[in-house]
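Hydrogens, waters and symmetry mates play no part in the numbers below; they use all other heavy atoms, side chains included.
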2 protein chains.
Amino acid sequence: MSSQEPPRRATIADVAREAGVATSTASVVFSGKAKVADATRERVLAAAADLGYAGPDPRAASLRLGRSGIVAVVFEGHLRNAFLDPVTTAMMDGLADGLAELSAGILLMRDEPGEDGPGLASAPVDAYVLIGWSGRTRESVEVVRGRGLPVVVIEGDPGDGTIPRIALDNADASAEVAQHVYDLGHRDVALITLTLGHDRERAPITPERLAAATVGVTVDRLEGMRRVFPDAPAISASGSFIDEGIVIGRMLLADAATRPTAVLAQSDLLAVGVIRAAQELGLRVPEDVSVAGFDGIAIDGLGGQSLTTTVQPAVEKGRAAGEQIARMLGGEAGETQNLTCVFRPGTTTGVPPR
Amino acid sequence: MSSQEPPRRATIADVAREAGVATSTASVVFSGKAKVADATRERVLAAAADLGYAGPDPRAASLRLGRSGIVAVVFEGHLRNAFLDPVTTAMMDGLADGLAELSAGILLMRDEPGEDGPGLASAPVDAYVLIGWSGRTRESVEVVRGRGLPVVVIEGDPGDGTIPRIALDNADASAEVAQHVYDLGHRDVALITLTLGHDRERAPITPERLAAATVGVTVDRLEGMRRVFPDAPAISASGSFIDEGIVIGRMLLADAATRPTAVLAQSDLLAVGVIRAAQELGLRVPEDVSVAGFDGIAIDGLGGQSLTTTVQPAVEKGRAAGEQIARMLGGEAGETQNLTCVFRPGTTTGVPPR
DNA sequence: TTGTAGGCGTTATCAC
DNA sequence: GTGATAACGCCTACAA
């Protein structure tokens, strides 16, 4: 008595037929968008159960409705960063919050320069949040704008001014940290920056490299630092990791003759690495060398010390983006938000050694 | 000369008409699935540019193709956990990896018991990964299975055995840690578990509560611990955080008369919290009290100590799930994977005080 | 290589 | 309260 396995899943039309009602009626039973007689509803539900119908196909619904309930969050490079960098995870946390009222899902996407695959434009999403620390974002912006969907850029360069963005006072905040160190008396300072561009090269920063830099955050923070220390040598890190800070810290601190009295890093992770390197070399912080960071993330492992840094509103950044997306999907215009960092003096900076 | 703003976006049919070709031709130009004369392609592209057509609408394409290129990752409770818990972030990292070959996007979703909103079933996805530490997952499984899409469960109870799952040897690994502590001579041991159920209650574990527990991981790890210490008192944490460990640590260690000689925690974060609490109370670890954890995540801030724990393959868990999804989308059957933890002795456990 | 036609599964509109 | 019908925008046999 066994028949062929049904070749396709039941559709709402099948359910309607089985229940002896119109498809529109069956549809309404599932969407609840109109009143249906109890008896009718029962029959439809029974038919659905019978046929193993699990409710409307979201793909069809999203075509019909023009909405998918999904917001894309676009990272450049590997998605690892989305989960491994504490500033980013905090931001995502805030974004999830800001998006909560939409009960929209968050689609993680990457925008890798090399690949041409399906790409950003092929995802059925209702809006885009571009997380961009690089000029790459500019290009993505064009791709995405063409779709006519809401876009918000977090710390990226949106090209023209028509796209709302969530920005940070990177330059000012960096200058404030630098000024603190200057005021302590330091004049011989080394700077460690985030990556300059997609190459992620660890190398001294030259005017040429700086001119070719594509990561706005890095450039802005460096600009702030150089307001106070115009001639300080700078080196770009290959990424924001403690280990990278250790490597660069060793380079900077190993030779007593060329050792700076203070190191300013563009991230807390790098700063912590430098402190580790100093400890390795038997140097005391801040007696022998002062170290300051940027971000204000919670870092354990400083042995009771607190890092001098500036605290960026990472969670707030995400929440603000989410809120703007929600506004734009509601038909209002999105607004650019300028968020500010708060300087937080710690115990890792002090007067320079005599 | 200004005309009304066009009421709707251009479609591929508009482009085809404008270019003077058939829609199928225009479609092929964008999909690249067939050869098109260069001249024709040019004309189509020009027409598209003219009309501001940014390529096929993914919503329509996914209906037509039956695929959206999206894999849903379902968490129970707040998405915060996806970003703030180190074990989970590592797992997500692995998942992104395992899914990379599909070049599928990852849709973060939550499955909150309370809410009935759009819900899991309303997302246009091709497959589901259920991250479940609770019995809640069981229910989600049913919802999702009805869709007839591939499903993989990570550390959850899949109900019947037909769903591939990624599992850990939680009981055995816990027993191994416990045995290590037993072998050191400890007999007076306190246990700290993860949450027992959705209530997230911090409270002593009674047989009744244990019987009602829904989080399989917690139950399994406790079972392993009790193989070695059948009568050890246990308390459930409200979550896996350092701060929670501190709170519970204070409770357990404050009174010298009732203080255990060792504390076994079901997560490293809880264990670190206990160590902090011990330090606060002026107790030395491991001289006055031994502490062990579970997970093997990298934790700074132990002041040079290394936590005795068991290392779970968090990244591998995610990667395995991604690979199974990829297989299933390829038409093959998914397979359950049993992963194992590796015991890692550290310096936070030692012989009990006399 | 290009054109035609049908349908993917749903929901909104509008009569009844 | 219920039913018929027309899109939503695209892709892909199939025919020319």
Side-chain angles (χ1 to χ4, degrees), chain A residues 6-44 47-48 51-69 118 121-124 126 147-149, chain B residues 6-44 47-48 51-69 118 121-126 146-149:
Chain A
R8 62 187 193 79
R9 301 194 65 76
T11 74
I12 201 170
D14 299 328
V15 172
R17 192 175 328 110
E18 176 87 1
V21 301
T23 56
S24 55
T25 305
S27 173
V28 165
V29 168
F30 288 103
S31 72
K33 294 216 170 166
K35 292 189 195 309
V36 179
D38 280 355
T40 312
R41 187 202 333 283
E42 293 303 323
R43 256 188 309 146
V44 171
L51 298 176
Y53 179 75
D57 181 333
R59 284 182 276 257
S62 71
L63 170 60
R64 177 64 233 236
L65 297 172
R67 293 177 287 98
S68 64
S122 74
D126 297 337
R147 302 237 72 104
L149 298 175
Chain B
R8 62 187 191 79
R9 303 193 64 75
T11 73
I12 201 170
D14 299 327
V15 173
R17 192 177 326 110
E18 176 89 1
V21 302
T23 53
S24 59
T25 305
S27 173
V28 165
V29 167
F30 287 104
S31 73
K33 294 219 170 166
K35 294 187 195 309
V36 179
D38 280 354
T40 313
R41 190 206 327 286
E42 293 303 323
R43 256 188 310 147
V44 171
L51 298 175
Y53 179 76
D57 181 334
R59 284 182 274 260
S62 72
L63 171 59
R64 179 61 231 246
L65 298 172
R67 294 178 286 96
S68 63
S122 74
V125 301
D126 296 337
R147 303 236 71 103
L149 298 175

Requested in this report: Using heavy atoms and a sub-4.0 Å distance, could you list which residues of residues 10-33 of chain B are near DNA chain D? By number, please.
Outcome: B:Thr11, B:Ile12, B:Ser24, B:Ser27
Round to the nearest Å and state the distance from [X] atom [atom1] to [N] atom [atom2].
| X | N | atom1 | atom2 | result |
| --- | --- | --- | --- | --- |
| B:Arg147 | C:dG9 | CZ | P | 12 Å |
| A:Arg59 | D:dC10 | CZ | C1' | 14 Å |
| B:Arg67 | C:dC8 | CZ | C1' | 13 Å |
| B:Leu65 | D:dG9 | CG | C1' | 12 Å |

Report summary line: Quick note, B:Leu63 side chain, CB onward, closest among C:dC8, D:dT2, C:dT11 is C:dC8
**Report entry** Minimum-distance nucleotide (side-chain atoms of B:Asp57 versus C:dT11, C:dG9, D:dG9)
**Finding:** D:dG9
Examine distances only and state if a side-chain atom of [X] and a backbone atom of [Y] form a donor-acceptor pair shorter than 3.5 Å.
| X | Y | answer |
| --- | --- | --- |
| A:Asp126 | A:Arg67 | no |
| A:Ser62 | A:Pro58 | yes |
| A:Arg43 | A:Ala19 | yes |
| A:Arg147 | B:Ala54 | yes |

**Report entry** Atom pair CG/CG of B:Leu63 and A:Asp57 - distance to nearest 0.5 Å
**Finding:** 7.0 Å
Requested in this report: Scan B:Thr40 against the nucleic acid and name what it touches under 4.0 Å (heavy atoms): base, sugar-phosphate only, or nothing.
Outcome: sugar-phosphate
Query - A:Ile12 vs A:Phe30 side-chain heavy atoms within contact, under 4.5 Å - result: yes
